[in-house]
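Structure first, commentary second.
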Amino acid sequence: MKRLRLRSAAIVLVVLLGCLGTPPPVFAAPALTLSTVALGNVFTDGQQVQVGLSTSAASVSWTVTDVNGATVTSGSQAAASTLQLPVTTRGWYQLSVQAADSGGTTTARTTFAIISPLGAAPQSGITTSVLGDFQSTSEGWSFYPGSEYPGATGSFAQDTSDGHTGGKSGRLTGDFSGGGAYVSVKRAVPAVSATSLSFWARTAGNVSWINVRLTDSTGQVHQQLVNLSSATDWQALAVARFNGGRQYSHFGGANDGVWHGPAKGVELVLDRNGITGGGTTAAISIDDLTVGASAAQPNTVLGDYESSAEGWSFYPGSEFPGATGSYTLDATDGHTGVQSAKLSADFSGGGNYVALQRELTSQNLSSLTLWVRTTQLSSIGLRLTDATGQVHQQRLPLSATSNWQSLTVSRFDAGTSYLHFGGADDGIWHGPAKAISLTLDKPQIIGSGTTATVSIDSVTALYPGALLGAGTHFGAKWAPDPLPLVAQSGARTVRDEAYWSDAETTWGTFAFPAKVTNYLTTLQNNSIDPLLIADYGNCLYDCPDHAFNAPSTDAGRAAFANYADALLTKYPQVKNLAVWNEWDNNAAGPANKSPDSYLALLKATYAKVKAGHPAVTVVGGGDTDVTQVAWFQSFAALGGLQYLDVVSVHPYNFLHAPENLGTYIAQLRAIIRQYNGGVDKPIWITEAGWRTATSSDSVDEATQAMYLARAELTTLGHGIQRYYLYDFMNDGSDPAGLEDNFGLIHHSSDPLGPYTPKPSYVAYATAARQLAGATFLGKENPGNGLIDQVFSAADGSPLRAIWAATGANTTVTVNADGPIQVTSLYGLSTTYTPDAAGNITVTVGVRPVYLKGSTINSVSAP
């Protein structure tokens with residue numbers, strides 16, 4: 001009986017198990033990762049928006065939203081290595097991708113941006129010339145089969161079916177099945193003082209590199225290799241240095257490896273060795289080949305002498321009686337235009353000099369140029385009167401020629417036979433300029449004669465021009481990877497560091513780290529002007545127990561000055577040096593953050609720097625923020641302003657809108673005038689920004705973008721010459737981190753992807769393109785609380801920026817003489833044509849819009 005019961009129980013158990021079935025396996029949600037194809041997911045007009053995709057699912061779906069959270073487009077596709085998105089409009093976007101299978105759904109997100117290429121708008125310091133848009137066959141391009149290595153065949157022709165812009169491009173093909181080494185396409189160019197070259201290229205993905213050859217004025221050919229990606233869409237390529245680059249070589253002409261501008265020719269070489277997979281045929285399409293050159297600074301012509309209304313007058317040097325002479329307009333001899341000024345002198349009756357002079361309306365000029373023609377003088381004299389009434393005098397030596405010759409003066413309190421008198425009488429230039437005088441001096445007449453004549457034309461004042469910049473940390477812990485994004489943003493200057501303690505580890509010996517050399521070289525190759533900070537302390541000298549130990553003894557201050565001098569000697573491309581960073585906040589130890597201790601360091605450093613590098617701009621002032629005006633006033637009262645060229649400030653605003661920065665700047669400027677003889681010093685904002693952390697003193701990313709553009713506009717409208725946002729990249733990926741969220745782009749470890757853009761990157765890039773080289777002219781009041789700032793753009797065309805500090809959108813009426821281009825905060829541009837009455841309606845709100853094009857007669861709000 002016992003056995004039977006056991007057997008029955010077993011049968012029941014088997015039946016029960018059969019009813020329940022086998023437990024189902026547990027499935028995980030599908031794997032899904034997104035990666036960047038273009039650096040930081042930043043694209044320019046015409047580029048295909050692509051994101052790298054890796055997933056274990058069979059397909060994915062995706063949604064793209066704009067900065068307002070509105071859906072722009074959505075779709076789905078089978079799993080592939082890339083996700084191609086049908087977005088072509090400039091702006092900032094967020095991409096959300098979902099992968100689903102029986103295990104569930106996985107979501108991944110990233111951001112991307114579409115901005116205009118730098119060549120689409122003039123950049124500060126750069127102008128462009130298009131050498132190849134291939135819309136016609138008359139540009140002068142010719143095919144060359146590399147005849148020194150016989151066997152190659154090929155062609156170059158206009159391709160009417162494929163263009164990066166304009167619908168057409170140039171197509172270079174090469175066939176090496178019969179031998180040969182390369183084929184090329186080349187053209188001669190008119191003498192162009194180029195400093196960079198860029199173009200767009202497209203291949204079938206089977207060309208890994210091409211060679212670029214540039215011929216200089218001596219006939220020397222400079223060649224370098226430019227890498228191509230395996231992508232099959234259009235890609236942007238650039239050469240930032242002509243006598244360097246990958247696998248650089250040179251031959252012909254001077255054959256010395258030195259670039260002797262201007263450029264005379266350009267050649268693009270399709271090399272057999274650049275074809276991948278051992279192939280013998282390949283083709284490359286080329287479009288929008290452009291050279292960049294240094295642009296003229298914003299300027300005003302003080303004397304073209306085409307009319308008598310400019311205000312020039314003759315002065316006989318009455319303090320030395322006896323000289324006679326005249327100033328006349330000479331219609332027979334002009335360097336530019338029809339007329340020039342002719343200044344004549346006769347010293348047979350005595351006297352020492354005569355002059356051509358005029359008063360100025362407070363010209364804050366940074367340099368002066370003029371053209372002169374004479375065979376009778378070894379020099380002419382220049383006198384400039386500064387804001388205190390002090391006259392700064394120097395001689396401008398002349399060559400022995402009968403031709404017109406150009407003279408440039410970049411420093412007003414120095415030069416040949418320099419002297420000063422009147423006003424402050426301290427030999428320091430206190431801008432702006434109030435008067436100019438050009439003198440014909442008896443001692444400079446060749447051969448000791450008593451009469452002479454000099455012709456003068458095109459007397460031009462050049463201004464420093466406002467520059468938008470960014471704070472970076474390449475000298476500290478940042479990898480160099482995002483440097484190209486700095487250049488692509490349109491930033492023309494950055495503020496970074498080269499730490500004293502890294503450079504001097506043995507007393508009196510300086511060895512700067514390779515990372516400093518590398519990032520400064522890259523900046524130079526991208527035409528970006530560095531503002532370098534000399535900081536912080538060094539425990540070989542004064543060393544309190546703190547990360548920001550500050551020099552506090554004479555020996556420590558002298559050592560710091562030696563370090564600053566060594567820094568400028570090592571890196572001559574550095575023209576702007578800041579002395580310390582935020583002394584008023586972090587100068588630890590016995591220095592105790594005090595104004596007098598900073599003054600002692602600044603005084604020692606200024607003397608050392610100016611002795612060896614007189615043209616370097618010294619930036620200082622403790623970096624006072626809006627809460628520490630009293631500190632700056634104490635520093636100024638101690639006499640600190642005479643030991644700096646530019647005042648640096650850090651007006652962080654955090655939760656507040658930027659328009660009230662004007663009040664702070666006015667307060668700061670009043671202090672400068674109070675302790676600087678009633679005259680200004682330039683002010684640079686070297687740090688300012690808004691963080692996008694989850695903390696209560698942060699803003700959302702869209703607000704950061706809006707505030708940033710308005711801050712740049714507001715401060716430039718108050719005479720600020722440079723604005724450096726803080727900072728270019730998030731310093732970490734902690735959403736709550738106070739120092740991790742100031743950037744325009746995300747950190748390399750961010751879940752949204754390395755270096756991916758925040759909305760502020762696009763707003764910054766838009767402002768940089770609109771304001772590059774622009775000169776602020778003034779403000780208008782359209783009504784309804786709107787702010788309307790008027791500029792002259794770099795190309796001389798009218799430019800306005802309009803926004804509201806608060807409130808809802810307003811429809812304004814713009815009366816213009818012709819079409820205008822309206823550009824949004826995020827770079828979307830639309831051209832409007834006026835109606836019969838000359839009016840255009842534009843919607844304006846808290847996000848600035850830029851208006852450029854024809855002359856705008858008025859802007860009015862309801």
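Numbers here simply count residues along the sequence, with the first being 1.
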Would you please test Thr173 and Ser155 for side chain to side chain donor-acceptor pair (under 3.5 Å) and show each step? CA-CA 5 Å; Thr173 62; Ser155 65; 3.0 Å; yes

Check the pair Val42 / Phe112 against side-chain contact (heavy atoms from CB on, under 4.5 Å), numbers first and verdict last. CA-CA 6 Å; Val42 175; Phe112 67 92; over 6 Å; no

Can you list the steps and then say if Phe134 with Trp141 is a ring pair (Phe, Tyr, Trp, His ring centres under 6.0 Å)? CA-CA 9 Å; Phe134 308 103; Trp141 294 94; 5.5 Å; yes

Stepwise side chain to side chain donor-acceptor pair (under 3.5 Å) test for Gln220 and Asp256: CA-CA 8 Å; Gln220 179 178 200; Asp256 56 3; 3.1 Å; yes

Show the numbers, then the answer: is there a side-chain contact (heavy atoms from CB on, under 4.5 Å) between Leu531 and Thr686? CA-CA 9 Å; Leu531 165 57; Thr686 56; 3.8 Å; yes

Could you walk me through whether Gln573 and Tyr571 pass the side chain to side chain donor-acceptor pair (under 3.5 Å) test, one step at a time? CA-CA 5 Å; Gln573 67 265 45; Tyr571 303 110; over 6 Å; no

What verdict does the side-chain contact (heavy atoms from CB on, under 4.5 Å) test give for Gln488 and Ile115, after you've listed the backbone C-alpha separation in whole Å, the side-chain angles of each residue and the deciding distance to 0.1 Å? CA-CA 9 Å; Gln488 194 172 11; Ile115 59 178; 4.0 Å; yes

Start with the C-alpha distance between Thr336 and Asp457, add both sets of side-chain angles, then the distance that settles side-chain contact (heavy atoms from CB on, under 4.5 Å), and finish with yes or no. CA-CA 7 Å; Thr336 54; Asp457 205 356; 4.0 Å; yes

Please assess Ser458 against Thr460 for the test side chain to side chain donor-acceptor pair (under 3.5 Å), listing each intermediate value before the final yes or no. CA-CA 6 Å; Ser458 302; Thr460 304; 5.7 Å; no

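Atom OH of Tyr755 sits about 4.0 Å away from atom CG of Asp481, to the nearest 0.5 Å. To the nearest 0.5 angstrom, His335 atom NE2 is 9.0 Å from Arg373 atom CZ. Distance check, rounded to the nearest 0.5 Å: NE2 of His250 to CG of Leu214 gives 14.5 Å. Atom CZ of residue Phe251 and atom CZ of residue Arg213 lie 4.0 Å apart, to the nearest 0.5 angstrom. To the nearest 0.5 angstrom, Ile533 atom CD1 is 9.5 Å from Leu577 atom CG. For the atom pair Arg495 CZ and Asn576 CG, the distance stands at 12.0 Å (nearest 0.5 Å).
Listed for the Arg769 side chain is a donor-acceptor partner under 3.5 Å among the backbone atoms of Ser116. Without hydrogens or angle criteria, Arg187 side chain to Leu131 main chain gives a donor-acceptor distance under 3.5 Å. Judged by distance alone, the side chain of Thr493 and the main-chain N or O of Asp529 form a donor-acceptor pair under 3.5 Å. In this structure, Thr82 contributes its side chain and Gln84 its backbone to no donor-acceptor pair below 3.5 Å. Looking at Glu139, its side chain does come within 3.5 Å of a backbone N or O of Asp133 through a donor-acceptor pair. Judged by distance alone, with hydrogens and angles left aside, the side-chain atoms of Asp496 form a donor-acceptor pair with the main-chain N or O of Gly475 at under 3.5 Å. Under the 3.5 Å distance criterion, the side-chain polar atoms of Gln405 are matched with a main-chain donor or acceptor of Ser399. When atom types are taken as modelled, the side chain of Thr218 and the backbone of Ala254 share a donor-acceptor pair closer than 3.5 angstrom. Proximity of a side-chain donor or acceptor of Asp216 to a complementary backbone N or O of His260 within less than 3.5 Å is detected. In terms of modelled atom types and a separation under 3.5 Å, the side chain of Asp271 and the main chain of Ile210 share no donor-acceptor contact.
In this structure, the side chains of Ile528 and Val486 come closer than 4.5 Å at one or more pairs of heavy atoms. Counting heavy atoms from C-beta outward, Lys570 and Phe510 have side chains that stay 4.5 Å or more apart. Looking only at side-chain heavy atoms (C-beta outward), Ile286 and Leu268 come within less than 4.5 Å of each other. Using a 4.5 Å heavy-atom threshold, the side chains of Phe512 and Leu520 count as separate. Residues Val185 and Ser142 are not in side-chain contact: their nearest non-hydrogen atoms beyond the backbone lie 4.5 Å or more apart. Looking at heavy atoms from C-beta onward, Val372 lies in side-chain contact with Leu398 at the 4.5 angstrom threshold. When side chains are defined from C-beta on, Asp287 does not count as touching Phe199, because their heavy atoms never get closer than 4.5 Å. Counting heavy atoms from C-beta on, the side chains of Val183 and Leu172 come closer than 4.5 Å.
Looking at every heavy atom in both residues, Asn227 comes nearest to Leu225 through OD1-CD2, 3.1 Å. The two residues Ala476 and Lys515 come nearest to each other via the heavy atoms O-NZ, 2.9 Å. Looking at every heavy atom in both residues, Phe43 comes nearest to Ala38 through CE2-CB, 3.6 Å. Between Ile745 and Pro482, the shortest heavy-atom distance links the atoms CD1-CB, 4.1 Å. Residue Leu197 comes nearest to Phe242 through the heavy atom pair N-CE2, 4.0 Å, listed as atom of the first residue, atom of the second, then distance. Contact between Tyr764 and Ser489 at its shortest, heavy atoms only, is CE2-OG, 3.7 Å.
Look at Arg202 and Asp162 and you find a salt bridge, because one of the NZ, NE, NH1 or NH2 atoms lies within 4.0 Å of a carboxylate O, short of that distance. Comment: Asp645 engages Lys610 in a salt bridge, judged by a side-chain N to carboxylate O separation of less than 4.0 angstrom.
Open room surrounds CD on Gln247; 12 or fewer heavy atoms of other groups in view lie less than 6.0 Å from it. Environment of OH in Tyr149: sparse, with no more than 12 heavy atoms of neighbouring residues, nucleotides or ligands closer than 6.0 Å.
No donor-acceptor contact under 3.5 angstrom links the side chains of Thr137 and Gln158, judged on distance only.
A cation-pi contact links Lys186 to Tyr144, judged by a cut-off of 6.0 Å to the six-membered ring centre and 45° from its axis.
When ring centroids are compared, Trp478 and Tyr519 stay outside the 6.0 Å threshold. Aromatic rings from Tyr182 and Phe176 are positioned such that their centres are separated by 6.0 Å or more.
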